[in-house]
Amino acid sequence: MDFRLAFIEFAIERQVLRFGEFETKAGRISPYFFNAGLFNDGATMARLCGFYAEAALASGLAFDMLFGSAYKGIPLVTGVAMDLAGRGINYPFAYNRKEAKDHGEGGLLVGAPLKGRVLIVDDVISAGTSVREAIGLIRAAGGEPAGVLIALDRMERGQGELSAVEEVKRDFALPVIAVATLEHLMNFLSLRDNDGVFPGKEAIAAYRARYGSTQNGGC
């Protein structure tokens, strides 16, 4: 099975990806919900970071180090760096604090110096706020953002016609690598249609028709 579809299956098994009726921050009623915070034990985190590593390598994107956006990006960047090291590719990594530390080493940044081409690691892009903050920190430190690596791209427009992922691509000319997208989720549900185990394909298709971005999301 393609690793993207395997990731969807894994997320469903862990009940990180659920189906039903869920209200989004935008006030929309979504037929599915993705909560990366439920990847909350060692085994599932290790496998999750393996999927991130697969997506990064499959993208062919060149980068020199990894950066995790506080807070959810911190365990992710650590786990992805460890997984890649296990594959024989050792990358330095860093992350930021939400508030600057005024003692010890001080500052907002922890880890390796931000330099070269930096791949930003996060769970999802909702409003794009943490990505914008990360880009500012990386550039201020002398590094250059290479792209953004996330778990799931909902391919859903915000207040305008573009999704948050597409806005990041447009505003910063950066690639966004998603382990999986809404397209992969719909493909997975189509493949499992005969099982009768995963209801909601029609509801997701209708939701996408109503709220999907006008451009092709994902990477």
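Between F10 and R47, the shortest heavy-atom contact is CD1-NH1, 3.3 Å. Across every non-hydrogen atom of S69 and D122, the tightest pair is CB-OD2, 3.6 Å. Between L57 and R87, the closest heavy-atom pair is CD1-CD, 3.9 Å. In terms of heavy atoms, L152 sits closest to Y32 at CD2-CE1, 4.4 Å. Minimum interatomic distance between M155 and E183 (heavy atoms only, all atoms of both residues): SD-N, 3.5 Å. When all heavy atoms of A58 and F3 are compared, the closest pair comes out as CB-CE2, 4.0 Å.
Interatomic distance, CG of L76 versus CG of L149, reported as 8.5 Å (0.5 Å rounding). With rounding to the nearest 0.5 Å, the separation of NZ in K115 from CD in E144 is 15.5 Å. Put simply, CZ on F93 and CG on L114 are 12.0 Å apart, with the number rounded to the nearest 0.5 Å. For the atom pair L185 CG and I8 CD1, the distance stands at 5.0 Å (nearest 0.5 Å). In this structure, OG1 on T78 lies 9.5 Å from CG on L66, to the nearest 0.5 angstrom. Atom CD of E54 and atom CG of D83 lie 8.0 Å apart (nearest 0.5 Å).
In this structure, R117 contributes its side chain and D64 its backbone to no donor-acceptor pair below 3.5 Å. Remark: the backbone N or O of A151 is paired with a side-chain donor or acceptor of Y52 at under 3.5 angstrom. Looking only at distances, no side-chain donor or acceptor of R208 sits under 3.5 Å from a matching main-chain atom of S213. Judged by distance alone, with hydrogens and angles left aside, the side-chain atoms of D123 form no donor-acceptor pair with the main-chain N or O of A36 at under 3.5 Å.
The cluster map of Ile, Leu, Val, Met, Phe, Trp and Tyr, joined by side-chain heavy atoms under 4.5 Å apart, puts Y91 and M82 in different clusters. Residues L61 and V121 are members of one and the same hydrophobic cluster, defined by side-chain heavy-atom contacts under 4.5 angstrom among Ile, Leu, Val, Met, Phe, Trp and Tyr. Transitive grouping of hydrophobic side chains (ILVMFWY, heavy atoms separated by less than 4.5 Å) brings L108 and F67 into a common cluster. Linking Ile, Leu, Val, Met, Phe, Trp and Tyr whenever their side-chain heavy atoms come within less than 4.5 Å puts I89 and I177 in one cluster. If you chain together hydrophobic residues whose side chains sit under 4.5 Å apart, L189 and L191 fall into the same group.
Considering only heavy atoms from C-beta on, D153 stays 4.5 Å or farther from V176 through its side chain. A heavy-atom distance below 4.5 Å is not found between the side chains of T129 and E133. With a 4.5 Å cut-off on side-chain heavy atoms, K169 and P175 do not count as touching. You'll find the side chain of L162 reaches within 4.5 Å of the side chain of R170, heavy atoms only. Side-chain contact between V110 and R97 is present, with at least one heavy-atom pair separated by less than 4.5 Å. Proximity of P145 to V118: side-chain heavy atoms (C-beta onward) are nowhere separated by under 4.5 Å. In this structure the side chain of D171 reaches within 4.5 angstrom of the side chain of R132, judged on heavy atoms. The closest side-chain heavy-atom distance from V148 to I125 is below 4.5 Å.
Ring to ring, F33 and F19 are not that close: their centroids are 6.0 angstrom or more apart. Taking the six-membered ring for Trp and the full ring otherwise, the centers of F51 and F39 sit at least 6.0 Å from each other.
At least one cation-pi condition fails for R28 and F22: the charged atom is not both under 6.0 angstrom from the six-membered ring centre and inside a 45 degree cone around its axis.
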L174/I135 under side chain to side chain contact (heavy atoms under 4.5 Å, CB included): CA gap, chis, key distance, verdict: CA-CA 10 Å; L174 288 178; I135 289 169; 3.6 Å; yes
Derivation of the salt bridge (Lys or Arg N to Asp or Glu O under 4.0 Å) call for D41 and R14: CA-CA 11 Å; D41 62 45; R14 295 298 304 171; 3.2 Å; yes
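Between the side chains of S30 and R154, a donor-acceptor pair is found at a separation under 3.5 Å. Using modelled atom types, one finds no donor on one side chain facing an acceptor on the other under 3.5 Å when comparing E156 with S163.
More than 12 non-hydrogen atoms from other residues, nucleotides or ligands lie less than 6.0 angstrom from CD of E13. The 12-atom threshold is exceeded at CE of M45, counting heavy atoms of other residues, nucleotides or ligands nearer than 6.0 Å.
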